[in-house]
Amino acid sequence: MILLHDGLGSVTQWRSFPELLAQSTGLTVLAYDRPGHGRSTPAPTGRWPTAWLHDEAVVLGRVIEEVGVQDPIVVGHSDGGSIAAIRAITSQTRAPT
C-alpha cells in the first residue's frame, strides 16, 4: 500500500498511521515525501506547471516500478488523492479508496 500526503503535508504528519496500518492489514506500507514537502528536496522555484499533478503521477509510477510492487493499493489525501486517481486512470493501479 502506498500513501500519498496532501498538498501542504508530509510523511511526518502521518505519525504512526503507516505502521499501525501495516500491522492491522499485514501489508507493506510505503509513504514518501514529494519534492518540496517534509524532508525531501526543495521544490523547483517559480510557477508550478499546469500538469504538475500528472507529473507527480508519473513519479508515482516510477516509485512503484522501483520498489517492484505488482498490484499496489494507492491511497491519497487531497492532492495525494488526485495523484492516486490520475495514476489509476492511466495505469493498472487500483483506484484510491
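Owing to the predicted nature of the structure, the values given are computational and were not obtained by experimental measurement. Numbers here simply count residues along the sequence, with the first being 1.
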Q: Are Leu20 and Val75 joined in one hydrophobic group, where the rule is that I, L, V, M, F, W and Y side chains link up if heavy atoms are under 4.5 Å apart?
A: no
Q: Taking atom CG of Leu3 and atom CG of Leu30, what is their separation to the nearest 0.5 Å?
A: 8.0 Å
Q: Could you note down all residue pairs passing side-chain hydrogen bond (donor to acceptor under 3.5 Å, both in side chains) where residues 5-18 supplies at least one of them, sequence neighbours left out?
A: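 For residues 5-18: Ser10-Thr12.
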Q: Can you name the closest pair of heavy atoms from Leu4 and Ala84 and give their distance?
A: CD1-N, 4.0 Å
Q: So which heavy atom on Leu53 is nearest to which on Asp79, and how close?
A: CD2-O, 4.0 Å
Q: Nearest 0.5 Å, what's the CG-CD1 distance between Asp71 and Ile64?
A: 10.0 Å
Q: Could you list the residues that satisfy side chain to side chain donor-acceptor pair (under 3.5 Å) with Ser82, not counting sequence neighbours?
A: none
Q: Apply side-chain contact (heavy atoms from CB on, under 4.5 Å) to Ala22 and list each qualifying residue two or more places apart in sequence or on a separate chain.
A: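 Applying side-chain contact (heavy atoms from CB on, under 4.5 Å) to Ala22 gives Val29.
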Q: Can you list the residues that meet the side-chain contact (heavy atoms from CB on, under 4.5 Å) rule with Val58, with sequence neighbours excluded?
A: Arg62
Q: Which residue pairs pass the side-chain hydrogen bond (donor to acceptor under 3.5 Å, both in side chains) test when at least one of the two sits in residues 20-34, sequence neighbours left out?
A: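 Sorted result for residues 20-34: Glu19-Gln23.
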Q: List the residues meeting ring-ring contact (aromatic ring centres under 6.0 Å, His included) with His77, not counting sequence neighbours, and say none if there are none.
A: none
Q: To the nearest 0.5 Å, what is the distance between CD1 (Ile83) and CG (Leu60)?
A: 7.5 Å
